[in-house]
Amino acid sequence: MLEAPEYTQIDYTVTDLVGGPKPHSPFEERYRSHTLKGGTFPGQLTTIGMDQMFKLGSRLRKSYIEEKDFLSPGFKSSEVFVRSTNIVRNMESTRCLLAGLFKQQQEGPVTIVTADATNEILYPNYQGCQALKHMIGNKMSRATSQPGMSEDLTKIHKEMNIDHMKSADFFLLLDNLLAQEVHGFPCSLKDKPHLRTTEKRAIDILSYTMGQRDREILKLSVGPFLHALQSNILDTIEHADTQSRKLYLYATHDVTIIPLLMALGIFDKRWPPYASDLTLELYQHQVSKEWFARLNYNGEEQIVKGCQAGLCPLKDFLRTLSDYVVTPEEYSKVCSDNKNHNMKDAQK
């Protein structure tokens, strides 16, 4: 179940953000230090996962190559920027998506850039930001002590015959139950309600911890990435006549997508399915030259907070983004200040 189908293969290299050697990954080191009963290690992309990502790439190909004639039929580094977190599973997911998007056609090797763990902005970075780690830790302990939480967890442990000495929280349980379901593993009928309860409780915890009422945590979780997104948008509209870059592709995780959906006001209280995607499109009116933005989540158009319709004036979309954007300078200052964990909202 770990073999890579031939149709998902492309040639790619991985560098750091400035073209140097691939950074060390403490997450990958942790995965490989643990051997499962079957002889392999956890955290790998399965053949089913590869196929899911290839199909996502094929859907994007239909939209942006076959129907809209927007991207070139084969990969061109001048058109496409690719960045992933420094986890092999995520890079292989990116490989499979690109194979589906470009049907394995490429002009030279694909370069996937990645950051070291301390400076990663593609997930809430508790390792690189001590202020965020402190705030999340305080909120998480309160979230998990909400009424019914411990009772539900104890009940699931008992009914699934999980050793009480093992630390299996709702997030670990959800990871396993979702993986069992998508891979068609024979599970007892009792596991269905367990999956629903586990998903609800995991989302309850994240909503309590990162909800919009606590803007500080949400800003530190996705603000640096939203700043990168904002910079890409502004650069695109400033150099619209000469810009060759057409696609910025960021390979992230479910724990990235959820706070992004929260910040944009479109979180549906459901855990993102495997191979989920958020796609932001920019449009310019041919006559008025006004810019618009449209956001799709898993292929469905969304109405972002502050927008009146799916096709939103770019100024309104950027105004929503600005509520949570954190510049690198602000992020560095707040994250390195262990004595003061309060961050003032930017002036409106």
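Everything numeric in this text was worked out from a predicted model, so none of it was measured.
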| query | Are any side-chain N or O atoms of His253 and backbone N or O atoms of Thr256, one a donor and one an acceptor, separated by less than 3.5 Å? | reply | no
| Judged by atom type as modelled, is there a donor-acceptor pair below 3.5 Å linking the side chain of Gln302 to the main-chain atoms of Glu300? | yes
| field | Check ion pair Arg245-Glu79 (N to O, under 4.0 angstrom) | value | no
| task | Would you check if Thr47 and Glu3 make a side-chain contact, meaning some heavy-atom pair closer than 4.5 Å? | result | yes
| Which value, rounded to the nearest 0.5 Å, describes the distance between Arg294 atom CZ and Cys307 atom SG? | 13.0 Å
| Can you check whether Leu282 reaches Trp291 side chain to side chain, under 4.5 Å on heavy atoms? | yes
| query | Which one of Asp116, Thr15, Asn86, Thr13 satisfies the side-chain hydrogen bond (donor to acceptor under 3.5 Å, both in side chains) criterion with Lys22? | reply | Asn86
| query | Hey, are Thr85 and Asn90 close enough side-chain-wise for a donor-acceptor pair under 3.5 Å? | reply | yes
| query | Honestly curious: do Phe27 and Ile257 fall in one hydrophobic cluster under the side-chain, below-4.5 Å linking rule? | reply | no
| message | What verdict does the side chain to side chain contact (heavy atoms under 4.5 Å, CB included) test give for Glu28 and Ile87, after you've listed the backbone C-alpha separation in whole Å, the side-chain angles of each residue and the deciding distance to 0.1 Å? | response | CA-CA 6 Å; Glu28 203 63 34; Ile87 297 173; 3.6 Å; yes
| Nearest-0.5 Å distance, CD of residue Glu120 to OH of residue Tyr126 | 13.5 Å
| said: Nearest 0.5 angstrom please: Phe41 CZ to Tyr31 OH, how far? | reply: 10.5 Å
| note | Only one of Asp204, Ile203, Ile205 passes side chain to side chain contact (heavy atoms under 4.5 Å, CB included) with Ser207, and that residue is Ile203
| message | The test is side chain to side chain contact (heavy atoms under 4.5 Å, CB included); show your working for Leu278 and Leu260 and say whether it passes. | response | CA-CA 9 Å; Leu278 270 169; Leu260 282 174; 4.2 Å; yes
| message | Per the side-chain hydrogen bond (donor to acceptor under 3.5 Å, both in side chains) rule, what does the pair list look like for residues 174-183, sequence neighbours excluded? | response | Thr46-His183, Glu181-Lys192
| field | Side-chain donor/acceptor of Gln130 to backbone N/O of Cys335, under 3.5 Å | value | no
| Lys246 NZ: over 12 foreign heavy atoms closer than 6.0 Å | yes
| request: List the steps and the verdict of salt bridge (charged side-chain N to carboxylate O under 4.0 Å, His left out) for Lys333 and Glu329. | output: CA-CA 6 Å; Lys333 181 178 184 302; Glu329 296 77 18; over 6 Å; no
| message | Please report the interatomic distance CE(Met91) to CD1(Ile112), rounded to the nearest 0.5 Å. | response | 7.0 Å
| Sequence neighbours excluded, which residues qualify as ring-ring contact (aromatic ring centres under 6.0 Å, His included) partners of Tyr274? | none
| Quick one: do Ile258 and Leu321 end up in the same hydrophobic cluster if we chain Ile, Leu, Val, Met, Phe, Trp and Tyr together by side-chain heavy atoms under 4.5 Å apart? | yes
| Listed partners of Lys68 passing side chain to side chain donor-acceptor pair (under 3.5 Å), at least two apart | Glu281, Tyr283
| field | Exercise: do Asp268 and Tyr297 side chains pair donor with acceptor under 3.5 Å | value | no
| request: Determine, stepwise, if the pair Arg270 / Glu199 fulfils salt bridge (charged side-chain N to carboxylate O under 4.0 Å, His left out). | output: CA-CA 8 Å; Arg270 299 297 304 274; Glu199 179 184 16; 3.3 Å; yes
| query | Roughly how far, to the nearest 0.5 Å, is the CG atom of Leu98 from the CG atom of Leu247? | reply | 8.5 Å
| Would a 4.5 Å heavy-atom cut-off, applied to side chains only, mark Leu249 and Arg83 as touching? | no
| If you measure only the distance, is there a donor-acceptor pair under 3.5 Å linking the side chains of Glu29 and Ser25? | no
| In terms of the angle between their ring planes, are Phe225 and Tyr250 parallel, tilted or perpendicular, with boundaries placed at 30° and 60°? | perpendicular
| task | Look at the side-chain heavy atoms of Ile, Leu, Val, Met, Phe, Trp and Tyr, link any pair under 4.5 Å apart, and say whether Phe70 and Leu60 land in one connected group. | result | yes
| query | Are the side chains of Lys200 and Trp271 in touch, meaning some heavy atoms are under 4.5 Å apart? | reply | no
| Under 3.5 Å donor-acceptor, His157 side chain and Ala168 backbone | yes
| said: Using modelled atom types and a 3.5 Å cut-off, is there a donor and acceptor pairing between side-chain atoms of Glu290 and backbone atoms of Pro313? | reply: no
| Co-membership, hydrophobic cluster, residues Leu122 and Val14, 4.5 Å side-chain | no
| Within the distance-only criterion (no hydrogens, no angle test), does the side chain of Ser141 pair as donor or acceptor with the backbone N or O of Asn138 below 3.5 angstrom? | yes
| Does the side chain of Gln243 pick up a donor-acceptor pair with the side chain of Asp235 at under 3.5 Å? | yes
| query | Any side-chain heavy atom of Val82 sitting closer than 4.5 Å to one from Val113? | reply | no
| request: Determine, step by step, whether Leu153 and Phe170 satisfy the side chain to side chain contact (heavy atoms under 4.5 Å, CB included) criterion, reporting the C-alpha distance in whole Å, the side-chain angles of both residues, the deciding distance to 0.1 Å, and the verdict. | output: CA-CA 7 Å; Leu153 189 59; Phe170 285 114; 3.7 Å; yes
| Any side-chain heavy-atom pair of Ser58 and Leu101 under 4.5 Å | no
| request: To the nearest 0.5 angstrom, please state how far the CG atom of Leu220 sits from the NZ atom of Lys133. | output: 15.0 Å
| Does the ring pair (Phe, Tyr, Trp, His ring centres under 6.0 Å) test come out yes or no for Phe102 and Phe75, once each step is laid out? | CA-CA 6 Å; Phe102 294 108; Phe75 177 89; 5.7 Å; yes
| task | Answer yes or no: is there a donor N or O on one side and an acceptor on the other, between the side chain of Gln9 and the main chain of Gln104, under 3.5 Å? | result | no
| Is there side-chain contact between Leu218 and Tyr324, with heavy atoms separated by less than 4.5 Å? | yes
| Mind checking whether Ile48 and Phe185 sit in one hydrophobic cluster, side chains of I, L, V, M, F, W, Y counted as touching below 4.5 Å? | yes
| Asn296 side chain vs Gly299 backbone, donor-acceptor pair below 3.5 Å | no
| query | Between Thr320 and Lys305, is there a donor-acceptor pair closer than 3.5 Å when you use the side chain of the first and the backbone of the second? | reply | yes
| Are Leu97 and Ser93 side-chain neighbours, meaning at least one heavy-atom pair lies under 4.5 Å? | no
| said: One thing to verify: whether Glu151 and Lys155 come together as a salt bridge, which I'm taking to mean a side-chain N less than 4.0 angstrom from a carboxylate O. | reply: no
| Is Asn125 reaching over with its side chain to a backbone N or O of Cys129, donor-acceptor style, under 3.5 angstrom? | no
| message | Checking salt bridge (charged side-chain N to carboxylate O under 4.0 Å, His left out) between Glu66 and each of Arg61, Arg59, Lys103, which is the one that passes? | response | Arg61
| query | Between Thr197 and Ile156, is a side chain to side chain contact (heavy atoms under 4.5 Å, CB included) present by the stated rule, with each step listed? | reply | CA-CA 9 Å; Thr197 300; Ile156 292 173; 4.1 Å; yes
| field | Other residues, nucleotides, ligands: >12 heavy atoms within 6.0 Å of Gln308 CD | value | no
| field | cation_pi(Arg142, Tyr208) dist<6.0 Å, angle<=45 | value | no
